[in-house]
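Working notes, beginning with the structure itself.
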Number of protein chains: 2
Amino acid sequence: MIRLLIADDEDLLRGALAALLELEDDLTVTAEAATSTDAVRLAREHRPDIAVLDLEMPPSDGLRAAETIRAELPTQVILVTRHARPGVLRRALSAGVSGFVPKTTPATKLAEIIRAVAAGRRYVDPDIAASALTEGACPLTDRELEVLRASRTGASVNEIAERVHLAPGTVRNYLSAAMAKLGVGSRHAAAHRAWEEGWI
Amino acid sequence: MIRLLIADDEDLLRGALAALLELEDDLTVTAEAATSTDAVRLAREHRPDIAVLDLEMPPSDGLRAAETIRAELPTQVILVTRHARPGVLRRALSAGVSGFVPKTTPATKLAEIIRAVAAGRRYVDPDIAASALTEGACPLTDRELEVLRASRTGASVNEIAERVHLAPGTVRNYLSAAMAKLGVGSRHAAAHRAWEEGWI
DNA sequence: GTCAGCGGATGACAGATGTCATCTGATCAT
DNA sequence: ATGATCAGATGACATCTGTCATCCGCTGAC
């Protein structure tokens with residue numbers, strides 16, 4: 001019997017998924033979590049065979065939870081995501097995740113994937129894998145990513161500088177570098193682009 | 001027997017939901033759609049009692065599909081949404097939608113809501129209803145919303161002007177008005193804010 | 001007719017933003 | 001210790017953006 005932890009902030013999906021998987025003879029859902037912190041806590045407590053984690057989950061995200069779980073438990077992790085962006089897959093794999101599944105996967109296939117991962121195999125959605133291989137890695141430095149993240153909400157240079165503890169001029173330099181690398185003409189376009197690619 | 005149409009672009013949720021609802025004795029899923037256009041087409045074809053539509057669904061959105069369905073069929077519509085923002089509820093209700101459910105609703109409760117709507121009642125998530133009543137309606141005009149939508153990706157004034165077929169100066173006027181109404185200092189902040197509120 | 005009102009456009013101005021060359025201080029391999 | 005390298009800062013400059021007063025053409029009430 002494969003013991004599962006399911007974590008997703010959408011009760012609707014989590015509940016439906018749990019019910020669906022519970023129908024399978026060899027699967028059982030031992031814990032459900034709606035937040036990334038709960039996911040880690042319940043994983044420690046129940047030590048499930050496999051944790052199915054949503055990537056977009058407050059307060060941090062599924063990736064952080066996956067890293068923590070992989071670091072201290074033998075539990076295998078399958079990440080489920082809505083925006084299946086190549087950059088995210090890259091990060092997930094280096095965090096030791098065994099499965100990477102977009103939410104466009106048919107529900108009936110999930111049980112198979114869980115069994116494959118339980119048997120020690122890995123599963124990565126073929127479409128995402130293909131685009132991850134053809135696309136280059138993130139060209140931005142940590143600082144550049146940091147200032148781009150801070151500018152997501154439309155903040156001014158001064159506000160960003162305040163937030164990341166840098167001089168306004170330095171912030172403009174980093175933004176300028178990021179914009180040049182991404183080939184766009186404003187920091188807002190750069191932030192949007194970086195978000196689309198899954199880098200921030 | 002209540003006949004259902006389920007539309008959601010995430011196969012995972014749609015499949016799990018269909019399986020879950022099919023378990024109920026008095027419910028049956030007669031059609032599934034992954035796009036808003038398919039949803040309308042299948043609704044015309046199968047004339048279900050109730051259509052459960054996801055709000056965030058390409059190519060247009062669930063709201064458009066709901067409007068079309070309500071305009072030509074006796075089918076009742078339940079909207080399911082991830083970002084349960086008050087502004088969206090307002091638009092949904094004036095489109096003749098009978099149910100408004102965030103994805104944070106427990107899966108087990110959905111069947112009850114479907115039965116209530118089938119019996120001629122309405123269901124609106126209490127939390128969203130409360131905030132919709134306390135919050136004011138969208139203060140922005142159609143044109144202001146249009147230019148804000150066009151600036152979502154970080155476009156420059158000239159690009160926006162091109163996209164909405166207006167003079168650059170006019171675009172700046174509308175943006176300026178929108179920024180003043182939202183109390184922010186840049187169009188990007190305004191666009192972000194309007195998105196958060198569910199207006200664009 | 002005419003006058004108010006409205007969507008759209010224009011032009012001028014101040015301030016914010018993007019670009020670039022340059023400087024400082026810390027780190028580090030040799 | 002010395003030269004290379006790099007994160008961070010600065011200042012000057014051109015351009016873009018936001019603000020505001022104003023103007024034009026159309027429509028609709030009176």
Side-chain angles (χ1 to χ4, degrees), chain A residues 87 90-91 94 136-200, chain B residues 64 67 87 90-91 94 136-200:
Chain A
R90 215 176 289 274
R91 275 166 37 198
S94 56
C138 172
L140 303 173
T141 68
D142 287 347
R143 278 302 204 195
E144 286 160 5
L145 288 172
E146 194 179 356
V147 293
L148 280 184
R149 251 189 295 273
S151 69
R152 272 292 306 287
T153 55
S156 71
V157 169
N158 285 317
E159 289 167 338
I160 299 171
E162 178 98 8
R163 216 175 297 176
V164 300
H165 304 293
L166 284 176
T170 308
V171 169
R172 286 201 278 165
N173 288 338
Y174 283 125
L175 288 173
S176 189
M179 288 158 56
K181 286 179 182 173
L182 298 182
V184 295
S186 84
R187 81 188 110 105
H188 305 288
H192 189 80
R193 181 75 174 286
W195 178 82
E196 273 185 344
E197 297 285 349
W199 296 332
I200 58 177
Chain B
R64 299 273 180 80
E67 286 167 1
R90 214 176 290 274
R91 278 170 27 201
S94 57
C138 171
L140 303 172
T141 68
D142 287 348
R143 277 305 203 194
E144 287 160 5
L145 288 172
E146 195 179 356
V147 293
L148 281 185
R149 252 188 295 274
S151 69
R152 274 291 304 287
T153 55
S156 72
V157 169
N158 285 317
E159 290 167 339
I160 299 171
E162 178 98 10
R163 216 175 297 176
V164 300
H165 304 293
L166 285 176
T170 309
V171 170
R172 286 200 279 165
N173 288 338
Y174 283 124
L175 288 172
S176 188
M179 289 158 56
K181 285 179 183 173
L182 299 181
V184 295
S186 84
R187 81 190 110 105
H188 305 287
H192 189 80
R193 181 76 175 287
W195 179 81
E196 273 184 345
E197 297 285 348
W199 296 332
I200 59 178

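Since this is a predicted model, take the numbers as computed values, not measurements. Below, each value reflects all heavy atoms present in this structure, side chains not excepted, and no hydrogens, waters or symmetry copies. Residue numbering restarts at 1 for every chain, and letters A, B, ... go by the order of the sequence lines.
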Check: R193(B) side chain, L182(B) main-chain N or O, donor-acceptor pair, under 3.5 Å: yes
Closest-nucleotide 5' rank along DNA chain C - winner of R143(B) and S186(B): R143(B)
Let me know the distance between CG of L148(A) and P of dG18(C), rounded to the nearest Å. 11 Å
Length of the line joining E159(B):CD and dC16(D):P, which is rounded to integer Å: 11 Å
Pull out every protein N or O sitting under 3.5 Å from an N or O of nucleotides 24-28 of chain D, one pair per line with the distance.
none

Can you tell me the distance, in whole Å, between the CE atom of M179(B) and the P atom of dG15(C)? 15 Å
Per T170(B) side chain, nearest of listed nucleotides dG18(D), dA9(C), dT19(C): dA9(C)
Nucleotide dG18(C), atom P - distance to CZ of R187(A) in whole Å: 5 Å
Which nucleotide in the set dG8(D), dT17(C), dA9(C) lies at the smallest distance from any side-chain heavy atom of S156(A)? dT17(C)
Under the 3.5 angstrom rule, does the side chain of R163(A) hit a backbone N or O of A150(A) as a donor-acceptor pair? yes
Can a donor-acceptor pair be found, under 3.5 Å and without considering hydrogens, that links the side chain of T141(A) to the backbone of E144(A)? yes
Applying a 4.0 Å non-hydrogen cut-off, can you work out what N173(B) is touching in the nucleic acid: base, sugar-phosphate, or nothing? base
Ignoring the backbone of V157(B), work out which of dT19(C), dT17(D), dA9(D) is nearest its side chain. dT17(D)
Rounded to whole Å, OH of Y174(A) lies from P of dC20(C) at a distance of 17 Å
Among the candidates dG8(C), dT17(C), dG18(D), find the nucleotide nearest to the side-chain atoms of R172(B). dG18(D)
Please report, rounded to the nearest Å, how far the P atom of dG8(D) is from the CD atom of E144(A). 11 Å
Judged by nearest nucleotide, the residue sitting upstream toward the 5' end of DNA chain C, A155(A) or G169(A), is A155(A)
From CG of L166(B) across to C1' of dA9(C) the rounded distance in Å is 10 Å
Whole-Å distance, N158(B) CG to dG18(C) P, equals 15 Å
How far apart are the C-alpha atoms of Y174(B) and L148(B), what are their side-chain angles, what is the distance that settles it, and do they pass the side chain to side chain contact (heavy atoms under 4.5 Å, CB included) test? CA-CA 9 Å; Y174(B) 283 124; L148(B) 281 185; over 6 Å; no
Determine, for E146(A) against R149(A), whether the closest basic-nitrogen to carboxylate-oxygen distance falls under 4.0 angstrom. no
May I ask you to decide if G154(A)'s main-chain N or O and S151(A)'s side chain share a donor-acceptor pair within less than 3.5 Å? no
Less than 4.5 Å apart, any side-chain heavy atom of T170(A) and any of R143(A)? no
